[in-house]
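These notes concern the structure reproduced below.
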Number of protein chains: 2
Amino acid sequence: MSEFDDATHVAEDGSAQIAPGWDIGGNANGGYLMALAAQGLRGVAARPDPLTITAHYLAPGTPGPVTVEGAVVKAGKRYTTVTGSLRRGDTRMLQLVATFGDVAAMQGGYQHVAGRPPELPPFEECVQRSAQQGPVRIAIMDRLNLRLHPDDAGFSVGQRSGTAQIRGWFAFADGRPLDTLALLLVGDAFPPSVFNLDIAEGWVPTLEYTVHVRGIPAPGPLRVVLRSRFVQNGAFEEDAEMWDSADRLVAISRQYGLLPR
Amino acid sequence: MSEFDDATHVAEDGSAQIAPGWDIGGNANGGYLMALAAQGLRGVAARPDPLTITAHYLAPGTPGPVTVEGAVVKAGKRYTTVTGSLRRGDTRMLQLVATFGDVAAMQGGYQHVAGRPPELPPFEECVQRSAQQGPVRIAIMDRLNLRLHPDDAGFSVGQRSGTAQIRGWFAFADGRPLDTLALLLVGDAFPPSVFNLDIAEGWVPTLEYTVHVRGIPAPGPLRVVLRSRFVQNGAFEEDAEMWDSADRLVAISRQYGLLPR
């Protein structure tokens, strides 16, 4: 078992654990929490892949026992839609809605891709994000092998690029292959791209996070780009693209984030 | 009362009507259905604006009685998250999750906008979309005053631009001012931008549609741009930006759409 599989195990009755070590300053990463919930919900849906999944974040997730509660709202011929929550007792941490399907069965047909993977120096020449990098311990970085484009990585030493963009490589530290469940983690695992703007670095809470899974990743690390174009009125969107080693787009994500007040 | 207010009326017990005349070939427009559901849900949330709202589409919405069912999952100091559905008896048409807040109270603070409204010829010089334009009657176009950029409008006479982009103006036909509820309709009211690619024009079902409301529209029509960048494996995303007459971004939306099979 890999660390990610261990940390996203959900029993048949929905009981699970928020594992220690996937947090930032004690609060579990939002992408990890979505993946944990999705592991339970795909059991409920009885289809392999989250095609589109949305979580609203209601309370921080600290390590310990939780329940993934899910219900089918429609089971169709090719897709099954479920609602659900991740909760501890009466405290809901995440509220979700998702449609599951079979990404492998969707491959082929008409293709028109107006985009390409971000240009990155080789994996080894990018800047590894470590758990000790900021004022707060980012424990999840011990689980990941996250490498940032050197041009986008200066924010952590006060050199902000002025463009709300982060490009980098994503892999698990223990080498676990990527699949459609792991893709849910990726778009929330990088530092927020707004850290490259002239705002106070700090906690930028996510109200909502949606991932569209568009392919099954080929072996090897992903190339990822995150951008925020509209940072205004206390809020921002953060859009991510995830590209596999075969230059295929495998997922996109979008968050509704809040600026530090 | 305007046509849109009439068509999105929801009684206190959640009972409502899918109004005739907001359809494409008999099935109500998905953005209209989201607005109808959101009207009910914002009553449940007791906050004025949908900040981020997601709907999964489960069954077509034909005119007639429906119920908007909603429940608060968290009421915080500034935001309230609700889940809900739009249903007729046992048939669920939409399943939703949304966080409501007060957009007016969020105005100000740090601003960094990396984008601008789409460049469009004046409203009167753009191509009005009519109800009679395609093989199927698009009745909703009698409720709207939708004007397409001439360069993007040729698809309806077989001249596709080859770029999955549609730019245009949005207003209500009866002049109703735009507000944050109306913004939910906009990103789904335009022809799909994939109609400008070399695919069979036809029904492109929406699995999921999410809108982020980022501002309160100033008076006057909106300028809107819709784009699909990743059309692959039977699916596509469609991203819209909505800009008001004061050149402010007021909403973004994203759909998970399916190609005709």
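The chains referred to below are lettered A, B, ... by the order of the sequence lines, with proteins before strands, and numbering in each begins at 1.
- Counting heavy atoms from C-beta outward, R254(A) and I252(B) have side chains that approach closer than 4.5 Å.
- Closest non-hydrogen pair, V213(A) versus Y256(B), comes out as O-OH, 3.8 Å.
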| request: Decide yes or no on side-chain hydrogen bond (donor to acceptor under 3.5 Å, both in side chains) for H56(A) and T99(B), but give the supporting numbers first. | output: CA-CA 8 Å; H56(A) 286 236; T99(B) 295; 2.7 Å; yes

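- A side chain to side chain contact (heavy atoms under 4.5 Å, CB included) with Q232(B) holds for exactly one of M106(A), R214(A), H112(A), Q107(A); it is R214(A).
- Of the two parts of R78(B), only the side chain, counted from C-beta on, holds a non-hydrogen atom closer than 4.5 Å to a non-hydrogen atom of chain A.
- Taking OH of Y110(B) as the start and CD1 of I199(A) as the end, the distance is 6.5 Å to the nearest 0.5 Å.
- L51(A) places a side-chain heavy atom less than 4.5 Å from the side chain of L207(B).
- V82(A) does not touch chain B: none of its heavy atoms, backbone or side chain, sits under 4.5 Å away.
- Between chain A and the options L249(B), L258(B), V103(B), the largest number of non-hydrogen pairs under 4.5 Å is found for L249(B).
- For Q255(A), the part lying near chain B is the backbone, with the side chain staying farther off; criterion is any non-hydrogen pair under 4.5 Å.
- For A98(B), the part sitting under 4.5 Å from any heavy atom of chain A is the backbone (N, CA, C, O) and nothing else.
- In this structure the side chain of V113(B) never reaches within 4.5 angstrom of the side chain of V231(A), judged on heavy atoms.
- Per-residue heavy-atom pair counts under 4.5 Å with chain A were compared for T81(B), N233(B), L259(B), and the maximum is reached by N233(B).
- T210(B) touches chain A through its side chain: at least one heavy atom from C-beta onward sits under 4.5 Å away, while N, CA, C and O do not.
- Of the listed residues G109(B), A114(B), A59(B), the one with more heavy-atom pairs under 4.5 angstrom with chain A than any other is A114(B).
- Residues L58(A) and Y79(B) form no side-chain contact, since every pair of their non-hydrogen atoms from C-beta on lies 4.5 Å or further apart.
- The shortest side-chain heavy-atom distance between V97(A) and L96(B) does not fall under the 4.5 Å cut-off.
- The shortest distance between side-chain heavy atoms of Q95(A) and K74(B) does not fall below 4.5 Å.
- Options E208(A), R92(A), R248(A) differ in how many heavy-atom pairs under 4.5 Å they form with chain B, and the most are formed by E208(A).
- For the pair T83(A)/T83(B), no side-chain contact is recorded, criterion being any heavy-atom separation below 4.5 Å from C-beta on.
- At least one side-chain heavy atom of E241(A) sits less than 4.5 Å from a side-chain heavy atom of F230(B).
- If you tally non-hydrogen atom pairs under 4.5 Å between each of D198(B), V194(B), D239(B), L197(B) and chain A, the highest count goes to L197(B).
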